[in-house]
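First the structure, in the form of structure tokens, and then the observations on it.
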Amino acid sequence: MKSIRLFTAAISLMTLASCRPAAPTGENPLLGAWETPYGVPPFDKIEPAHFMPAFERAMSLHDAEIDAIVTNHDEPTFDNVIAAYDRSGQLLAQVGLVFGMLCEAESNEELRALQEQVMPLAAAHADKIGMNEALFAKVKSVYDRRGTFDLDADRSRLLEKTYRGFVRSGALLDAEQKERLKAINEELALLSVKFGANLLAENNGFVLELTAAELDGLPSNTRELAREKALEAGKSDKYFFTLHKPSLIPLLTYSKRRDLREKAYKAYLNRGNNGNEYDNKQIINDFIRLRTEKARLLGYPSYAAYAVDDQMARTPRAVYELLDEIWTPALERAKGELAEMEKLFKADHPKGEFASWDWWYYAEKLRKKNYALDEEMLTPYFSLENVQSGVFFLANRLYGITFRPVAVPVYHPDVTAYEVLDADESHLGVLYFDYFPREGKSQGAWCGNYVEQTYDGQGRRVAPVVSIVANFTRPTRSTPALLTLDETATLFHEFGHALHFLFHDVKYRGLSEVEGDFVELPSQVMENWAFEPEMLKQYAVHYRTNEVIPRHLVEKLRRSVLFNQGFQTTELIAAALADMDIHSAGDYEPFDVEEFGRRALNEKRGLIPQIEPRYRYPYFSHIFDGGYSAGYYFYTWAEVLDKDAFEAFRESGDLFDKRIAARFRRLLSRGGSEDGMTLYRTFRGKDPDKTAMLVARGLMERPAPAADSLAAGEVRAMPVAEPR
């Protein structure tokens with residue numbers, strides 16, 4: 001599963017320590033006007049030492065802006081309180097965006113040291129504002145008299161979100177409780193940095209060194225990548241495999257050496273759980289202790305209840321209802337897949353026991369047996385260049401936008417950039433691509449902003465600067481970057497996030513963010529087009545022969561679309577359940593992290609030992625340093641929406657229907673200006689229906705058309721609450 005990084009901590013920043021690296025001489029590029037093409041960050045001038053003085057200046061300015069609101073003696077109004085608050089901290093947010101994105105994409109020792117100083121103090125600054133009694137009194141005054149103001153829908157929404165944000169930040173607590181909450185938030189901020197640093201060290205710390213005799217079964221492209229990795233380390237007679245997915249997954253999928261598959265997969269599973277200086281188990285205990293205490297302070301029975309209350313789902317019960325409905329049929333389907341693979345396994349290992357590190361290898365053998373299909377025959381049609389052309393083609397067909405390569409400052413030589421032009425050729429934004437793994441980059445794939453869409457003081461739209469960051473298979477000396485099907489889907493996914501940012505047209509910064517369980521709709525919906533025959537003939541072209549992917553391969557892909565879905569769904573839902581479970585306790589007691597996961601999934605829900613949850617707790621970055629705590633269910637909740645949204649295109653008979661695309665773009669442009677369910681209902685004209693998602697996962701048959709689907713019992717509505 002792809003991951004999108006949420007940099008909320010970096011954007012909410014920051015007060016700073018007096019101890020800092022010496023600032024470089026000359027003007028700080030983070031503070032002045034960016035005299036760069038399209039207003040992109042001046043990466044060619046930014047150094048780590050620029051950040052501390054930039055944050056200091058931005059913090060000082062933010063304090064002054066807040067003080068101006070508090071000391072204004074005029075009667076509190078929307079304009080002099082809510083709108084003024086929304087405008088405050090823009091420089092701080094801008095510096096925080098650049099810092100947060102670079103810490104994920106191009107980290108180094110200096111940036112990591114800065115993070116450890118900055119993040120706890122960042123939390124303190126956010127708390128100082130969120131618990132400012134005089135400021136909240138003015139916000140509450142406007143909120144309590146909201147019926148007396150002539151507010152349009154956007155202003156009403158901003159007022160509501162602003163007031164709720166202060167309450168959720170502890171504005172209603174007494175003085176002693178506020179001090180405790182501040183301390184908790186500072187500790188949580190530091191834990192997040194430590195967790196991420198430990199995981200980065202574990203990812204970079206493992207190398208499996210193989211000889212040529214140990215490569216049996218591995219594709220030539222995989223061998224070449226492993227050899228080039230070894231050559232970088234000066235070992236010409238070795239082949240290096242790492243825990244990065246482009247290296248690990250081919251090893252698990254193709255290596256005939258079961259002992260090597262076991263060694264690599266166990267290393268992957270045990271990240272953050274090795275009893276060394278990078279062990280995350282105590283950090284996880286501290287996270288849960290502090291998050292539980294925070295939720296109780298704020299009046300919630302558990303951290304899950306606190307986290308979900310601000311989302312579309314509203315309650316943990318609604319989340320569990322969705323996950324539990326999927327869990328049982330998914331697990332049963334996975335057991336059926338295992339039974340098929342065990343026949344192949346027993347032929348190779350008559351006395352052996354099928355284990356989790358065998359799944360990829362025998363799933364691939366089963367796919368070859370049942371569908372005469374394997375990834376090795378497909379990857380030549382999915383070069384990175386062609387897949388990128390495919391997403392550009394799709395965006396143009398749906399929305400009329402185009403992409404033009406531009407020369408702008410970048411933070412690494414791997415990075416490329418494009419200007420995005422709207423249908424009328426006006427400037428829509430800038431989009432960076434950063435595709436390949438390296439030591440300073442976190443695992444996974446994500447999309448974020450370097451510059452958010454806003455409006456300036458003259459009412460002009462400030463175009464966003466967006467970046468897609470991934471860890472895809474690198475090119476070799478003899479081949480371009482050839483993507484797996486999963487990597488291909490990932491690019492479509494992250495490109496959907498990018499479109500969401502690029503299409504934003506929101507007047508108030510406080511209305512930019514959508515609910516977390518809405519976030520993945522714009523990204524996941526794009527995946528639905530990736531392997532449709534009409535799309536494949538546009539971009540799936542053999543990198544050597546320029547032959548469009550032949551019809552017989554497309555047909556095999558179509559017939560295999562539900563292959564291994566039991567496994568994929570089970571490991572996904574297992575991770576979401578594990579996340580909800582660990583955040584649902586009303587009281588904290590020290591616990592064994594491994595035992596907790598085993599009881600919750602294997603004993604309580606019957607997860608078979610041949611399947612691991614997608615993430616074990618010690619490396620579950622999404623929920624401990626990625627912004628998805630009690631929120632990994634977001635992907636599944638949004639999948640109901642994305643599959644139902646794609647049905648609108650299917651029902652029209654045109655997968656590139658511009659009228660439907662225009663309605664969907666309006667949904668994307670609104671940001672968080674309305675409740676997510678309201679936005680979706682406006683687009684679709686009805687509540688989302690779970691049927692399309694269950695069919696896509698192979699968990700039910702597609703219903704036959706009925707004159708009255710409600711009477712036929714076909715509609716499976718989500719357990720959604722009305723908008724606030």
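Computed from heavy atoms alone, side chains included, the values below leave out hydrogens, waters and symmetry copies. As the structure is a computational prediction, the values presented were derived from the model and not from experiment.
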Is it the case that the side chain of [X] and the backbone of [Y] share a donor-acceptor pair, with hydrogens and angles ignored and the cut-off at 3.5 Å?
{"X": "E202", "Y": "G272", "result": "yes"}
{"X": "S389", "Y": "E385", "result": "yes"}
{"X": "N203", "Y": "L199", "result": "yes"}
{"X": "R438", "Y": "A105", "result": "yes"}
{"X": "S523", "Y": "E520", "result": "yes"}
{"X": "R57", "Y": "A54", "result": "no"}
{"X": "N274", "Y": "N276", "result": "no"}
{"X": "N280", "Y": "P618", "result": "yes"}
{"X": "Y432", "Y": "Y450", "result": "no"}
{"X": "T222", "Y": "L218", "result": "no"}

Between [X] and [Y], is any pair of side-chain heavy atoms under 4.5 Å apart?
{"X": "F503", "Y": "L428", "result": "yes"}
{"X": "L190", "Y": "M119", "result": "no"}
{"X": "F43", "Y": "L102", "result": "yes"}
{"X": "Y265", "Y": "W360", "result": "yes"}
{"X": "L499", "Y": "M526", "result": "yes"}
{"X": "N471", "Y": "F436", "result": "no"}
{"X": "P409", "Y": "T36", "result": "yes"}
{"X": "E65", "Y": "Q90", "result": "no"}

Pick from Y615, F195, Y619: which one makes a ring-ring contact (aromatic ring centres under 6.0 Å, His included) with F624? F195

Looking only at side-chain N and O atoms, does [Y] offer a donor or acceptor that is under 3.5 Å from a partner on [X]?
{"X": "N185", "Y": "K294", "value": "yes"}
{"X": "N386", "Y": "Y543", "value": "no"}
{"X": "T484", "Y": "E375", "value": "no"}
{"X": "Q388", "Y": "Y418", "value": "yes"}
{"X": "R616", "Y": "N273", "value": "no"}
{"X": "D422", "Y": "S426", "value": "no"}
{"X": "E527", "Y": "H493", "value": "yes"}
{"X": "T476", "Y": "E228", "value": "no"}
{"X": "D505", "Y": "Y455", "value": "yes"}
{"X": "T479", "Y": "N221", "value": "yes"}

Test side chain to side chain donor-acceptor pair (under 3.5 Å) applied to E224 and S478, step by step: CA-CA 9 Å; E224 190 169 358; S478 60; 2.6 Å; yes

Atom [atom1] of [X] and atom [atom2] of [Y]: how far apart are they, to the nearest 0.5 Å?
{"X": "C103", "Y": "L111", "atom1": "SG", "atom2": "CG", "answer": "5.0 Å"}
{"X": "L668", "Y": "L502", "atom1": "CG", "atom2": "CG", "answer": "10.5 Å"}
{"X": "F51", "Y": "N28", "atom1": "CZ", "atom2": "CG", "answer": "9.0 Å"}
{"X": "E494", "Y": "Y435", "atom1": "CD", "atom2": "OH", "answer": "11.0 Å"}
{"X": "Y632", "Y": "D579", "atom1": "OH", "atom2": "CG", "answer": "9.5 Å"}
{"X": "E419", "Y": "Y38", "atom1": "CD", "atom2": "OH", "answer": "4.0 Å"}

If every non-hydrogen atom of [X] is compared with every non-hydrogen atom of [Y], which pair is closest and at what distance?
{"X": "Q453", "Y": "V506", "answer": "OE1-N, 2.9 Å"}
{"X": "A630", "Y": "H583", "answer": "N-ND1, 3.5 Å"}
{"X": "R461", "Y": "P464", "answer": "NH2-CD, 3.5 Å"}
{"X": "P522", "Y": "F518", "answer": "CD-O, 3.4 Å"}
{"X": "T379", "Y": "L483", "answer": "CG2-O, 3.4 Å"}
{"X": "K281", "Y": "G275", "answer": "NZ-N, 4.5 Å"}

Looking at [X] and [Y], does any basic side-chain N land under 4.0 Å from a carboxylate oxygen?
{"X": "K245", "Y": "E487", "answer": "no"}
{"X": "D63", "Y": "K128", "answer": "yes"}
{"X": "D414", "Y": "R474", "answer": "yes"}
{"X": "D434", "Y": "K441", "answer": "yes"}
{"X": "R112", "Y": "E116", "answer": "no"}

Using side chain to side chain contact (heavy atoms under 4.5 Å, CB included) as the criterion, point out the one residue from Y381, F472, F492 that pairs with V387.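 When Y381, F472, F492 are each tested with V387, the side chain to side chain contact (heavy atoms under 4.5 Å, CB included) holds only for F492.
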
Before you tell me yes or no, could you show the steps for Y268 and E612 under side-chain contact (heavy atoms from CB on, under 4.5 Å), namely the whole-Å CA-CA distance, both residues' side-chain angles and the distance that decides it to 0.1 Å? CA-CA 11 Å; Y268 179 81; E612 293 287 343; over 6 Å; no

Around [X], counting heavy atoms of other residues, nucleotides and ligands shown, do more than 12 lie under 6.0 Å from its [atom1]?
{"X": "K194", "atom1": "NZ", "value": "no"}
{"X": "F433", "atom1": "CZ", "value": "yes"}
{"X": "K45", "atom1": "NZ", "value": "no"}

F620 vs R614, side-chain contact (heavy atoms from CB on, under 4.5 Å): CA-CA, chis, key distance, verdict: CA-CA 9 Å; F620 205 161; R614 186 161 292 180; over 6 Å; no

Could you give me the CA-CA distance, side-chain angles and deciding distance for S467 and Y411, then say whether side-chain contact (heavy atoms from CB on, under 4.5 Å) is met? CA-CA 12 Å; S467 181; Y411 57 87; 4.1 Å; yes

Run the numbers on K263 and L208 for side-chain contact (heavy atoms from CB on, under 4.5 Å), then give the verdict. CA-CA 8 Å; K263 185 174 183 179; L208 184 62; 3.6 Å; yes

Strictly under 6.0 Å, is that where the ring centroids of Y635 and Y628 end up? yes

If you apply the rule salt bridge (Lys or Arg N to Asp or Glu O under 4.0 Å), what do you find for R509 with E452, and how did you get there? CA-CA 9 Å; R509 292 167 58 225; E452 286 188 296; 5.1 Å; no

